[in-house]
Amino acid sequence: MKVVDPSFEIQDELDRSSLAVRLEACGRICYKSEDKITEDSAVPFVRKVAGHGHNSVLEMAVATLEVTCSPAKLSELHECQPRYLVIDRTASGCLVTGSIRAFREIAVQHGGNQLVNDMLLVLFTRTPYLFEGAFDGARALPAAGDIKVRKVGLAEVEALPIDLLRRHRHVGVKFIVNRAVTHELVRHRPCSFLQESQRYCRYSQDKFGNQVTFIKPLFYEKGTAEYSLWQQAMEETERLYLRLLETSSPQAARTVLPNSCKTEIIMYCNLAEWKHIFALRTSQAAEPSMREIMIPLAGEMRRRYPLL
Ligand SMILES: Cc1cc2nc3c(=O)[nH]c(=O)nc-3n(C[C@H](O)[C@H](O)[C@H](O)COP(=O)(O)OP(=O)(O)OC[C@H]3O[C@@H](n4cnc5c(N)ncnc54)[C@H](O)[C@@H]3O)c2cc1C
């Protein structure tokens, strides 16, 4: 068995990559198959997950659009009740941010809406493979003359005034923590998540070191009687898990794995939601293992976005 400290990584490097590269890098966390990433693997990977309905992968990248249109056209968009798009009025129309999944689904449900159609045309023209099965540019309505849609780049999003920045800038964080912590993290509903799957990962394989990895418990100091009891429990669990794997699948054997098991999770949301999460998860009332990781993360985010 292996014992590691919890850690986090803000994924800003990935924000500078293409949407497909970002989606693949995040999506492969489920299978821990990052070693399969090559220069050409992103588009086939994204096509495959979209085809299989592994939809949360498509939530791991957002696009921001500047829409110039009349207030009447904007009300037509609101009639679609776009729950998963962030929409803010601007002097000339609105700013819209949504994940690839959100844009795909609004295309399927409201493709006949001219404003939805025109937003999708802009996204489809840039990355048609992300919209396969949801929107077909060749069959779409022609773009309307009185609506203008423009893709807004990351640098422009970062330069938005604070009220817009907090709603439109989405930031991903990869955590390496125990399963008790991720069970609490996934309660934050506005976020998107992808997590290492104990159904697909077989920890007896070489790439996992043929062993189970656990997160060092915050509560017990190494060398104490309590730590020694915890260690015994983990060793026994690992022995039983590996024995079960000899005759059953990872999804069956995982039923003996405990909260201390190491897991990786990517959490992706806007800065407004991160602020809410930090308020709840760094307070004295929060669980200590959660505070152990959230307090340094909040400090790092504050350094990057001091105005927030
Ligand atoms: C100290 C502490 C102890 C806790 N103990 C328990 C416990 O014992 N048992 C337990 O089950 N949970 C517990 N929780 C989880 C807690 O109740 C929340 O589910 C979790 O913190 C997610 O936060 P949230 O609901 O504020 O907001 P998020 O899910 O992060 O949502 C952000 C915002 O979106 C809005 N929102 C999202 N979904 C809805 C909705 N359906 N309706 C209305 N508004 C919505 C709200 O404005 C909300 O503020 C605990 C959390 C903390 C911090």
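Note that the coordinates shown come from a computational prediction; the quantities given were computed from them, not determined experimentally. For ligands, and for the atoms within them, numbers begin at 1 and follow the listed sequence.
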Original post:
Is NZ or CZ of Arg22 both nearer than 6.0 Å to the six-membered ring centre of Tyr268 and within 45° of the ring axis?
Top reply: yes
**OP:** State whether any protein heavy atom lies less than 4.0 Å from atom 53 (C) of ligand 1.
**Re:** yes
Subject >> Any non-hydrogen protein atom less than 4.0 Å away from atom 16 (C) of ligand 1 >> reply: no
Original post:
For atom 43 (C) of ligand 1, is the nearest protein heavy atom closer than 4.0 Å?
Top reply: no
Subject >> Protein heavy-atom partner closest to atom 1 (C) of ligand 1 - residue, atom, separation in Å >> reply: Ala285 O, 3.3 Å
**OP:** Would you mind telling me if ligand 1 is within reach of the side chain of Glu287, the backbone, both or neither, using heavy atoms under 4.0 Å?
**Re:** neither
**OP:** Evaluate the 4.0 Å heavy atom contact test for atom 7 (C) of ligand 1: does a protein atom fall under the cut-off?
**Re:** no
Original post:
Protein heavy atom under 4.0 angstrom of atom 28 (P) of ligand 1, is there one?
Top reply: yes
Original post:
Parallel, tilted or perpendicular: which fits the ring planes of Trp274 and Phe175, with parallel below 30° and perpendicular above 60°?
Top reply: tilted
**OP:** State the atoms of ligand 1, each with its element, that fall below the 4.0 Å cut-off from a heavy-atom position in Pro190.
**Re:** 28 (P), 29 (O), 30 (O), 31 (O), 32 (C), 34 (O)
Original post:
Counting N and O atoms only, with roles assigned by atom type, does the side chain of Lys207 sit under 3.5 Å from a partner on the main chain of Lys32, one being a donor and the other an acceptor?
Top reply: yes
**OP:** Could you label the plane-to-plane angle of the Tyr241 and Tyr203 rings as parallel, tilted or perpendicular, counting under 30° as parallel and over 60° as perpendicular?
**Re:** tilted
**OP:** Kindly assign one of parallel, tilted or perpendicular to the pair Trp230 and Tyr227, based on the angle between their ring planes and the thresholds 30° and 60°.
**Re:** tilted
**OP:** Output the list of atoms in ligand 1 that are nearer than 4.0 Å to some heavy atom of Glu273, sorted by atom number.
**Re:** 28 (P), 30 (O), 32 (C)
Original post:
Where the closest heavy atom to atom 10 (C) of ligand 1 is concerned, which of Arg189, His183, His188, Arg187 has it?
Top reply: Arg187
Original post:
Short check: is a protein heavy atom less than 4.0 Å from atom 23 (O) of ligand 1?
Top reply: yes
Original post:
Which is it for Arg281 and ligand 1 at heavy atoms under 4.0 Å: side chain, backbone, both or neither?
Top reply: side chain
Original post:
Between Tyr200 and Tyr31, what is the ring plane arrangement, given parallel below 30°, perpendicular above 60°, and tilted in between?
Top reply: tilted
**OP:** Classify the side-chain pair Arg254/Gln198 by whether it contains a donor and acceptor separated by less than 3.5 Å.
**Re:** no
Original post:
Do Gln11 and Asp15 meet the criterion of a side-chain donor-acceptor pair at a distance under 3.5 Å?
Top reply: no
Original post:
Would a search of protein heavy atoms around atom 4 (C) of ligand 1 find one under 4.0 Å away?
Top reply: no
Original post:
Are any of the side-chain nitrogens in Arg187 or Glu184 under 4.0 Å away from the carboxylate oxygens of its partner?
Top reply: no
Subject >> Contact atoms of ligand 1, heavy-atom distance to His276 under 4.0 Å >> reply: 24 (P), 26 (O), 27 (O), 30 (O), 32 (C), 49 (O)
Original post:
What atoms in ligand 1 come closer than 4.0 Å to a heavy atom of Leu280?
Top reply: 21 (O), 23 (O), 26 (O), 53 (C)
Subject >> Salt bridge flag under 4.0 Å for residues Arg150 and Glu156 >> reply: yes
